[in-house]
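Residue numbers start at 1 and run along the sequence shown.
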Amino acid sequence: MQSFRSDISGREYPIHDRVPGSVIRDTIMAVIQREHPQFNDENLISASELNHYHKKYLSEYLIQQSGDLTEEEKQVVSAVAGKKTLTDKVDAESEAGLTFGQRVADKVADFGGSWTFILSFMGFLALWIAANAWWLSHRSFDPYPFILLNLILSCLAALQAPVIMMSQNRQDEKDRERAKKDYMVNLKSELEIRMLHEKIDHLISEQQGIREQLNKKQ
């Protein structure tokens with residue numbers, strides 16, 4: 001297998017990972033030359049090494065804009081430099097990070113706020129009252145005024161408040177996670193648009209240089 005030697009690290013890499021310095025944008029080149037002043041357009045660098053400097057450039061840009069990088073911003077920088085999709089990773093992490101209590105809270109919120117629960121509970125009350133008022137009128141286990149039913153409803157009301165609070169807390173947590181995802185996706189889009197503008201500027205400057213050389217030859 002053909003290989004080349006990187007002018008950055010001196011290590012051997014496959015030939016398909018070769019990136020000439022002439023195609024590297026000026027902003028990335030400036031980051032590379034801070035550590036390797038001798039590196040120029042005629043030198044070679046591997047794709048993995050170039051990704052490292054991409055991440056370094058993006059990290060420095062974000063630090064200038066907002067200070068220290070958060071964990072979410074580090075994930076965005078890695079995704080942009082590695083040309084990876086971010087949304088699939090974020091969704092996988094959010095599902096994998098749920099605890100058993102959080103899953104139960106989601107199920108309780110989904111069922112307790114549905115018409116299925118309301119109609120089922122109304123049917124239960126109607127059956128209880130009908131059974132004790134008419135069907136079992138002579139040997140009723142909870143005769144009128146339905147003291148046992150009132151006790152059950154009181155216990156249900158006592159449990160209802162913490163269940164509602166649990167569901168609300170879980171919903172607030174989901175909203176925060178959703179906002180975090182939106183921020184990461186928007187930040188990734190902003191960085192990619194910035195890099196795209198830099199690539200276009202680099203291509204325009206290269207075309208202008210080629211045009212000037214052709215004019216001089218003519």
Does one hydrophobic cluster hold both Tyr13 and Ile15, with members joined at side-chain heavy-atom distances below 4.5 Å?
yes
Partners of Gln38 by side-chain hydrogen bond (donor to acceptor under 3.5 Å, both in side chains), sequence neighbours excluded?
none
CD1 on Ile45 to OH on Tyr53, rounded to 0.5 Å:
6.0 Å
Validation: residues 141-159 side-chain donor-acceptor distances under 3.5 Å, sequence neighbours left out:
from	atom 1	to	atom 2	distance (Å)
Asp142	OD1	Ile147	N	3.1
Asp142	OD1	Leu148	N	3.0
Asp142	OD2	Trp128	NE1	2.8
Asp142	OD2	Leu149	N	3.0
Asn150	ND2	Pro145	O	3.3
Asn150	ND2	Phe146	O	3.2
Ser154	OG	Asn150	O	2.8

Rounded to the nearest 0.5 Å, what's the gap from CE on Met29 to CG on Asn43? Could you check?
8.0 Å
Surrounding CZ of Arg11 (heavy atoms of other residues, nucleotides or ligands, distance under 6.0 Å), is the total greater than 12?
no
Enter the distance from Ile8:CD1 to Leu50:CG here, rounded to the nearest 0.5 Å.
9.5 Å
Scan for salt bridge (charged side-chain N to carboxylate O under 4.0 Å, His left out) pairs involving residues 45-61, sequence neighbours excluded, and state none if there are none.
Arg34-Glu60, Glu35-Lys56
With clusters defined by side-chain heavy atoms of hydrophobic residues (ILVMFWY) lying less than 4.5 Å apart, directly or transitively, does Ile32 cluster with Val23?
yes
Is it the case that atom CD in Glu12 sees more than 12 heavy atoms from other parts of the structure closer than 6.0 Å?
yes
Answer whether the closest heavy-atom distance between the side chains of Leu44 and Pro20 falls below 4.5 Å.
yes
Using 4.0 Å as the upper bound for N to carboxylate O, is an ion pair formed by Glu177 and Lys180?
yes
Once rounded to the nearest 0.5 Å, what's the spacing between atom CG of Asp172 and atom CG of Asn169?
6.0 Å
Find out whether Val31 and Thr27 are in side-chain contact, i.e. whether some heavy atom of one side chain is under 4.5 Å from a heavy atom of the other.
no
Given Glu73, Arg178, Lys188, the one that forms side chain to side chain donor-acceptor pair (under 3.5 Å) with Tyr183
Glu73
Please report the interatomic distance CG(Leu58) to CD1(Ile63), rounded to the nearest 0.5 Å.
11.0 Å
Cluster overlap Phe124 with Ile129, hydrophobic side-chain contacts below 4.5 Å
yes
If you measure from OG on Ser46 to NE2 on His16, what distance do you get to the nearest 0.5 Å?
11.0 Å
Is the side chain of Gln33 donor-acceptor paired with the backbone N or O of Phe39 at a distance under 3.5 Å, no angle test?
yes
Test Phe117 against Ser120 for side-chain contact (heavy atoms from CB on, under 4.5 Å), laying out the working first.
CA-CA 5 Å; Phe117 171 77; Ser120 300; 5.8 Å; no
